[in-house]
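Taking it in order: structure first as structure tokens, then the write-up.
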Amino acid sequence: KAKELGRNNFQYFAAEMNTSVTDRLELLNRLRQAIPNDEFALHYQPKLNLRTGRIIGVEALIRWHTPGGMVSPGSFIPLAEETGLIIPIGEWVLRTACRQNREWQKAGYAPIPISVNLSPRQLARGDIVELVARVLQETGLDARYLELEITESVMATDVDKSFAMLTQLRALGVKISLDDFGTGYSSLSYLKRFPVDTLKIDQSFVRDIATSQDSAAIVKAIISLGHNLNLNVLAEGIETAAQSQFLQQNGCDEGQGYLMSRPIPTREFLNLLSAQ
Ligand code: C2E
Ligand code: MG
Ligand code: MG
Ligand code: MG
């Protein structure tokens, strides 16, 4: 009996593994063709000053439109990272975001910084500083209107190398944000030392602000930590007025979330910009 069960389990497992490998391969093959097939687009989510309600920045988020529908970054960015495809994809995102922001400025919109997410793999390559400098030059975007979002894990992997890299990026004039802050393992001593402009409080804490005393306490602690280190603090994932109010009352500088706007295509984003 046990033997039979074992064999069945194995067959079941093998069959499941098979499909997932095939699916993965198919996804990967399509992902390789996504740039030549022009299937990527950027959507834009505004960042607001929580006191004034004004748009003070915008985050570029990648979208992949396949013939079979939209694939979310949550399911292809990890694959792109594992396979190295994130290198050309990341370069496409950086160039497209910088070019777009420059075009908005040329069209007369008030200049705001655009944020681009960088994956650890892009930073590990060692040529990110050159790439950023080249893209700024090519697109004509002033460095102060570009912000790079990195996660804490980047700081923790090779401290000396990432310190040097962030320092050089900062020297170009770009800004640095720590994305998903609070979910990684960054030591607070790195934080003091590292050239960073903004802490982005992870949405998991923001979500539970009103219902969990722990989350509320963590959010307050991050806000005062950030301010004591002279950093700007932004809260991600604000969905309700109650969350927004809590953040405002506790001195959080900036916010981003569905309450204000989902990530939206260019045209809609420009409507928001001109409305203010
Ligand atoms: P992230 O950089 O932390 O971006 C925030 C994510 O939360 C986005 O998901 C955004 O659409 C979503 N979001 C914003 N406001 C709310 C809200 O109020 N409620 C909820 N539930 N979600 C909200 P998205 O666009 O699916 O991106 C997921 C992650 O994929 C990003 O997290 C980022 O890590 C990665 N990603 C997206 N675009 C790029 C890219 O161009 N390059 C790289 N390397 N990673 C990217
Ligand atoms: Mg981000
Ligand atoms: Mg985040
Ligand atoms: Mg994230």
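Read the numbers this way: they start at 1 and go in the same order the structure lists the ligands and their atoms.
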Point-to-point distance, once rounded to the nearest 0.5 Å, from CZ of Arg30 to CG of Leu25: 12.0 Å
Trp64 and Phe40 aromatic ring geometry - parallel, tilted or perpendicular at 30°/60° bounds: tilted
Glu236 near the Mg ion (ligand 3) via N/O/S, less than 2.8 Å: yes
The one among Ile150, Thr96, Asn117 that brings a heavy atom closest to atom 42 (N) of ligand 1: Asn117
Any Arg207 heavy atom less than 4.0 Å to ligand 1: no
Arg134 and Glu130: CA distance, side-chain angles, deciding distance, salt bridge (charged side-chain N to carboxylate O under 4.0 Å, His left out) verdict: CA-CA 6 Å; Arg134 191 167 69 239; Glu130 281 163 52; 5.2 Å; no
Metal proximity, Ser115 vs the Mg ion (ligand 2), N/O/S cut-off 2.8 Å: no
Heavy-atom gap His43 to ligand 1 smaller than 4.0 Å: no
Side chain, backbone, both or neither: Asp179 near ligand 1, heavy atoms under 4.0 Å: side chain
CA sep, side-chain torsions, deciding dist, call: Ile62, Phe76, side-chain contact (heavy atoms from CB on, under 4.5 Å): CA-CA 10 Å; Ile62 194 168; Phe76 73 86; 3.7 Å; yes
Check: Phe181 main-chain N/O paired with Lys200 side-chain donor or acceptor under 3.5 Å: no
Shortest-distance N, O or S atom of Asp179 relative to the Mg ion (ligand 3): OD1
Under-4.0 Å heavy-atom contact with ligand 1, by part of Val93 that carries it: side chain
Proximal candidate to atom 18 (O) of ligand 1 [heavy atom criterion; set Phe76, Phe40, Trp92, Tyr258]: Tyr258
Leu61 versus Pro263, closest heavy-atom pair with distance: CD1-CG, 3.7 Å
Test: Arg125 and Glu91 ion pair at under 4.0 Å: no
Shortest reach to atom 3 (O) of ligand 1 by a heavy atom, considering only Thr183, Thr240, Asp180: Asp180
Atoms of ligand 1 close to Ile238 [distance to a heavy atom under 4.0 angstrom, numbered from 1]: 18 (O)
Atoms of ligand 1 close to Pro263 [distance to a heavy atom under 4.0 angstrom, numbered from 1]: 11 (O)
Part of Glu59 within contact of ligand 1 (heavy atoms, under 4.0 Å): side chain
Which segment of Arg262 sits under 4.0 Å of ligand 1 when only heavy atoms are counted: neither
CZ on Arg54 to CD on Glu254, rounded to 0.5 Å: 13.5 Å
Heteroatom N/O/S of Asp180 within less than 2.8 Å of the Mg ion (ligand 3): yes
Side chain, backbone, both or neither: Ser72 near ligand 1, heavy atoms under 4.0 Å: neither
Atom of Glu59 closest to the Mg ion (ligand 2), considering N, O or S atoms: OE2
Proximity to ligand 1 by part of Gln203, non-hydrogen separation under 4.0 Å: side chain
